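Written out below as C-alpha cells is the structure these notes cover.
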Amino acid sequence: PARPVHFLTGTDEHADKVSRAALSRDLTPIEWATQNAEQFKAAFAFMRFTNSDFIRTTEPRHIDGASDIIARLMDAGEIALGDYEGWYDPAQEEYLTETDAREHDFKSPVTGTPLEKRTEQNYFFDLPKHADWLREQIETDAIRVLPEARKNEVLGRIKQGLQRVPVSRRVNPDDPEAVRDWGIRMPGDSDHRVYVWIEALCNYVTALNDAQREQFWPAAVHFMAKDILWFHAVIWPAMLRALEMAPPKTVYAHAYFVAEGKKMSKSLGNFIEIDQLRAYAERYSIDAVRWYLTTQGPLGANDADFSYQRFVEVYNADLANGIGNAASRVSNMIGKYFDGTLPEQPSTPLQIEGFDWPDITSAAAASFASSFDAVAIDDASAAGIRLVSQVDGYINATRPFSLAKQLDDEPVYEDLTNREALAVILCQCAEALRIASLFLYPAMPDKMAELWQRWGCSPLVDANDADSGLRAPLAEIATWGHNEFGLQPGTPIEKGDALFMRADANEDPPA
C-alpha cells in the first residue's frame, strides 16, 4: 500500500491584532477568528488541498496541550521569569535582535512599519543553552533547513549568539477587555499570556493523538514562509529537545509571491485574492491554477511574480501545447490507425537512437523522487513535462503519420512491417505519457485522472475519487511495460475533448 501521510495545517489565532481587528468590527475575537478560519477552509477546499487535519489554536485540544507543554518546560527549568528590553515589531508581534533591527533601519522587515523599543517583564525560554546542539544539527543536516540560502542564514544568526526567547506577554490592564482576555495564560501566573508564536508552535504536538504521534512523529517536513523560519528552524527544535522529543527532519521556508513585479500591500490593493484565483480556475481549470502556483511559485530563496502574461505563457507551453497536445496527438493516431484500441506489439524491438524508453522513464522516476526528497516540488513537476517533450521529440523522429501512409510499402525499419512499427511507436508514446502523467498528478489530479479514465488506466487511482492517492508506490506504478499498471493491448483509447484549450494572451485577465 501507499505510505500513509498526515498533512496538517490550520490557523494561529491568539495574536493581539486578531483581537483588535475584531473590536474594530464590533465582534468578539473568537467570532472574527472563526470567520477567518472558515474562509481559509473554503479556500483550501477550492484549491483541492487534501490536508488530513485543520487545527485552530483556539480549540480546547490546543489550549490544553499547549498549556501542558509550557508547564513541562517550566518544571524542567527551561522557562523562567525575567526582564527584557528590545525592539518589538507590533505588526508581526515579534521581537527582533539589535542587529536585525539595525539592519532593517529599525523598521519591520515584513511591513516596513517602525519598530517599538519595549521593556517588559516576561517569562523566557533559555535558547542559548541549546546553541551548540542547534548548530550541529543544522550543519550536519540532521535538521535539514532548505533551501540552502535559508540554512546559511540560520547558521549565521546562530553564530552571532542566541538570546533568551520571550515566552509570555504581561496582561496590560489598560488594554480593552477583549484584548486582555485573548490568549492562553501562563500556567500558574494569570498576569501573563503565552506569546502567540510560542504557543502556536505547539500545534504540531497538540493536533496529534497518541496513536498518530507514534505513527507520524517526528515531522517529515515543516513547510512555511520565510518570515517564520527562525521559529521553526531554531526555537521549536530547541523546545522539542527540552521536551525530549525529536525535532522535525526538514524545515523548508519559501519566499513570497509578488504581483506584476510589485510587492503585495494593502495600500496598493494588489493582493491576489481567492476570488481572482476562482476566476482563473473558471477560465482555465483549477488544475491549471495549481500547476502555475506549484511550478512558478516562490519555492526557492527568491520571490516569485504572479502575472497574467506569465500565467498564459506557462499554461500554453506546459499544458495546452505540452501534455494536452501530446495526449491528443497520440489518442488521435490510435483512433485513426487502430480504431481507437491500443494495438498488440510485436516481440521484435524497435531501436531508435536516443529513445531507450525503459531507461528514460526510469531516470525520470528517479529524478522525480529525488526532487521531492529535496522538497523541490517545482523540479519534481518538471520531470513530467520533460518526459512529455521527449514523447514529442520521438514522434517527430519516427513520423508515425508518415508510416501510416505507406503501410504496404517496403519496411522503413528492419524486421518490422510498417504497420508493426506504427503499433510499437504509438504504444511507446502512450506508455511514456502514462508515466509522465504520474509526475503531473500531484499538481493536476483532476486532469490526469480524466486522462487515465480515457485510456483505461483506472487501476492507478480510485476512479470515483481523484484524491484517493496512487494505489501502489510510484516506483512500481511508473515501471515501464505491460505490468499490472501499464497500458494493456486491446484497451480502448478514448480521444475526448482537449485536456487544455490554448489560451489567448490578448484576452483581458480573469477578474
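Computation of the quantities below employed the complete heavy-atom set of this structure, encompassing side-chain atoms and omitting hydrogens, waters and symmetry-equivalent molecules. Computed from a prediction, not measured in an experiment: that's the story for all the values here.
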Side-chain donor-acceptor pair present, Ser108, Asp89, cut-off under 3.5 Å: yes
For Trp452 together with Tyr441, are the ring centres under 6.0 Å from each other? yes
Any donor-acceptor N/O pair, Asp100 side chain to Leu96 backbone, under 3.5 Å: no
Solution key, residues 392-400 side-chain donor-acceptor pairs under 3.5 Å, sequence neighbours excluded:
{"from": "Asp392", "atom 1": "OD1", "to": "Arg329", "atom 2": "NH1", "distance (Å)": "3.4"}
{"from": "Tyr394", "atom 1": "OH", "to": "Gln428", "atom 2": "OE1", "distance (Å)": "2.3"}
{"from": "Asn396", "atom 1": "ND2", "to": "Asp392", "atom 2": "O", "distance (Å)": "3.3"}
{"from": "Thr398", "atom 1": "OG1", "to": "Tyr394", "atom 2": "O", "distance (Å)": "2.8"}
{"from": "Arg399", "atom 1": "NE", "to": "Ser402", "atom 2": "OG", "distance (Å)": "3.3"}
{"from": "Arg399", "atom 1": "NH2", "to": "Ser402", "atom 2": "OG", "distance (Å)": "3.4"}

Is there a donor-acceptor pair closer than 3.5 Å between any side-chain N or O of Ser437 and the backbone N or O of Arg434? yes
When you compare the side chains of Arg56 and Thr34, does any donor N or O come within less than 3.5 Å of an acceptor on the partner? yes
Centres of the His222 and Tyr204 rings: under 6.0 Å? yes
Looking at Arg278 and Glu282, is there a salt bridge between them, counting it only when a charged N and a carboxylate O are closer than 4.0 Å? no
Would you say Thr294's side chain and Arg290's backbone share a donor-acceptor pair under 3.5 angstrom? yes
Taking the six-membered ring for Trp, are the ring centroids of Phe401 and Tyr337 within less than 6.0 Å of each other? no
Under a plain distance cut-off of 3.5 Å, with no hydrogens placed, do Glu199 and His62 share a side-chain donor-acceptor pair? yes
Just by distance, do the side chain of Trp217 and the backbone of Ala246 share a donor-acceptor pair under 3.5 Å? yes
If only atom types and distance count, is the side chain of Tyr315 paired as donor or acceptor with the main-chain N or O of Met501 below 3.5 Å? yes
Taking every non-hydrogen atom, the tightest pair across Ala281 and Phe46: CB-CZ, 3.7 Å
Relative to the ring of Phe257, is the ring of Tyr292 parallel (under 30°), tilted (30 to 60°) or perpendicular (over 60°)? parallel
Please work out which of the three classes, parallel, tilted or perpendicular, describes the rings of Trp480 and Trp357, given edges at 30° and 60°. parallel
Angle between ring planes, Phe40 versus Phe44, binned at 30° and 60°: parallel, tilted or perpendicular? tilted
Tell me if a side-chain donor or acceptor on Ser331 pairs with a main-chain N or O of Ala327 at a distance below 3.5 Å. yes
Ionic contact status for Arg144 with Asp141, cut-off 4.0 Å: no
Could you pull out all residues at least two apart from Tyr413 that satisfy side chain to side chain donor-acceptor pair (under 3.5 Å)? none
Working note: Ser367 + Arg386, criterion side-chain hydrogen bond (donor to acceptor under 3.5 Å, both in side chains); need CA distance, chi angles, decisive distance, verdict. CA-CA 11 Å; Ser367 173; Arg386 286 195 298 269; 3.3 Å; yes
Gln488 side chain to Gly486 main-chain N or O, any donor-acceptor pair under 3.5 Å? yes
Glu148: side-chain contact (heavy atoms from CB on, under 4.5 Å) partners, not counting sequence neighbours: Lys151, Asn152
Quick one: does any side-chain atom of Arg150 pair with a main-chain N or O of Val145 as donor and acceptor, under 3.5 Å? no
Evaluate Arg454 against Glu450 for salt bridge (charged side-chain N to carboxylate O under 4.0 Å, His left out), listing each step before the verdict. CA-CA 6 Å; Arg454 292 182 188 179; Glu450 182 181 339; 2.5 Å; yes
Under a plain distance cut-off of 3.5 Å, with no hydrogens placed, do Thr57 and Glu13 share a side-chain donor-acceptor pair? no
CD on Gln276 to CD on Glu273, rounded to 0.5 Å: 8.0 Å
Got a second to check how far Thr341's OG1 is from Ile493's CD1, nearest 0.5 Å? 8.0 Å
Between Tyr256 and Phe306, does the ring-ring contact (aromatic ring centres under 6.0 Å, His included) criterion hold? Intermediate values first, please. CA-CA 10 Å; Tyr256 299 139; Phe306 189 105; over 10 Å; no
Please check this pair: side chain of Asp303 against backbone of Ala255, looking for a donor-acceptor N/O pair closer than 3.5 Å. no
So, the side chain of Asp12 versus the backbone of Ala200: is there a donor-acceptor pair under 3.5 Å, distance only? no
Distance check, rounded to the nearest 0.5 Å: Leu8 atom CG versus Gln212 atom CD? 9.5 Å
What do the steps show when you test Arg61 against Thr206 for side-chain contact (heavy atoms from CB on, under 4.5 Å), and what is the final call? CA-CA 6 Å; Arg61 60 172 171 162; Thr206 62; 5.7 Å; no
